[in-house]
Amino acid sequence: MISRLVIGLDGSHGSRTAATFAAELATRCGASVLALHAVGLLDRVPSEREPVPSHQHRVEILNELKGAWSEPLTGLSPEYRLVDGNPVSALLRTATDPGDVIIVGSRGAGGATDLGSTSSQTAKMAQVPVVIVPSIDDPAPPERAR
Amino acid sequence: MVPSGDLSRSDRIDLAMAAPVLFTSMLDVDHHDTGAWHPERSSRLPAVQVAIADPAVHEVIEMAEPRQATIDDLALAHDASYLAGLEQFITSGRGELDPDTQTSIGSWETARWAAGSGLAAIDALDRGEADAAFVAIRPPGHHATATQAMGFCLINNVAVAARALTARGQRVAILDWDVHHGNGTQDIFWDDDRVLYASIHESPAYPGTGRASEVGASGAAGLTVNVPLPAGATGDHSLAAFDTIIGPAIEAFAPDWILVSAGYDAHRADPLAGLAWTAGDYGLLATRVRSLAPASGRTVFLLEGGYDLEALTSSVTATIAAVAGVDHETEAPSSGGPGRDDVIIAARFRARALES
């Protein structure tokens, strides 16, 4: 039984597409939604700005996560969470319950190796089901969910 | 216990008594281009070069050549399939391994130089060329697991060096004072009873691991030691953590070698983290490491993070001066920030791990 959808969001087009899919799936199966953002080393060092203090930058990111990044999830009352780490490790450490399903967007950037692809690495290492949602505008063939 | 205080007073040793420090830099073979604005950038190695030009330490430096690690060397700490995939990813020109971790076409060769330089330092120390070594390398390594690059790290340099030592039957203590927890190193040695891994780091912070309750697998319980400190923590608490938790753990483990994952991003000027250390704190920590050295020529410092170039320079100079035992005026050690309770909590977890 699917009880919770764990979705990684970063404001990209791919993650918005994944959020749209997650909203529909959550509505159909009555699952709760946990929207997370992996806080990386560079989150604190925007390329065009001076580094910002730790607390301030987390507040700014959380506001983004609760706002524009998760707009397709409006109405589902998702739980929001910032998780330190890279996207793969953040998703794997968070989605550990038997009823969890990971939803992750795909940029279609996969090559002969899983390296560089959050979706491929997550699918390869996860202990729970993973749904990979290809970006609508992505010309690359969709990756298979498992 | 070594008393904390002003490094320039506590470590006045005549230069004639100074211990030579081997210095290996891969400055001339660094082709790892992460982009102009990336904090883990090529200008970090020249900043370390400035550190050894300081008159306080210049006379004690013994230069040594780096070498490139072989695939077999790297496979001591990484899965063969990961290494093959990493080489393919980099040499095919793809650039972003994750949102933090950029590569360029020269990154594979550079990463091999970084990992090999630690091995070259060990070889040189084996030959008796110095009493300790400082290895200036990039990209850093302690976030890289056996199968995953992350956090600016491609190859886990300190893990490769430690595995090379354990392969010849020696015991290794790794002290990681980078501000970020070395999740990759911890993961690689989680169940290895030949290696003690001890880390002082900021928490909560990237990569989200390193709780005091993480003490190692059942066969190696107590051989992982974590001391997470809150943002704003000053160096006095790191010294207390060393004196009450990490130092005794290293002494009890009785290693043949001490390897230091020497990141300098706990400095108060660093843009990527929130601890409030100074160059003087690094000097005092290095003094403590020196006091625990298993034998002459059995201590290697491998560069990890550190992204404010002036802080990197001053902190590396303080480290080398302390290791050599030479007088050096530097920033005063920091004190008075939060962190005391966190050290006490970490000590309790350490005690529980020893009881189990």
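Note that this is a predicted model, so its numbers are computed, not measured.
Contacts between B:Tyr82 and chain A at a heavy-atom distance below 4.5 Å involve backbone atoms as well as side-chain atoms. When heavy atoms are compared at a cutoff of 4.5 Å, B:Ala84 does not approach chain A at all.
Interface remark: of the candidates B:Leu97, B:Thr209, B:Thr147, B:Leu97 forms the most heavy-atom pairs closer than 4.5 Å to chain A. With chain A as partner, the option from B:Gln148, B:Glu40, B:Glu96 having the largest number of non-hydrogen pairs under 4.5 angstrom is B:Gln148. Heavy-atom pairs under 4.5 Å with chain A were tallied for B:Ser81, B:Gly85, B:Pro39; the largest tally goes to B:Gly85.
The number of heavy-atom neighbours closer than 6.0 Å to CD of A:Glu79, taken from other residues, nucleotides and ligands shown, is above 12. Within 6.0 Å of CZ on B:Arg211 lie no more than 12 heavy atoms contributed by other residues, nucleotides or ligands.
Proximity of a side-chain donor or acceptor of B:Asp100 to a complementary backbone N or O of A:Leu41 within less than 3.5 Å is detected.
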Run B:Trp37 and A:Leu42 through side-chain contact (heavy atoms from CB on, under 4.5 Å) and show every step you take.
CA-CA 11 Å; B:Trp37 65 274; A:Leu42 294 183; 3.9 Å; yes
side-chain contact (heavy atoms from CB on, under 4.5 Å) assessment of B:His143 paired with A:Asn86
CA-CA 10 Å; B:His143 293 308; A:Asn86 74 349; over 6 Å; no
Verdict with reasoning, B:Tyr206 to A:Val39, per side-chain contact (heavy atoms from CB on, under 4.5 Å):
CA-CA 7 Å; B:Tyr206 187 94; A:Val39 182; over 6 Å; no
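Rounding to the nearest 0.5 Å gives a distance of 8.5 Å between OG of A:Ser89 and CG of B:Asp98. Here the straight-line distance linking atom CD1 of B:Ile90 with atom CG of A:Leu115 works out to 8.5 Å at 0.5 Å rounding.
Heavy-atom minimum distance, B:Gly208 versus A:Arg93: O-NH1, 3.5 Å.
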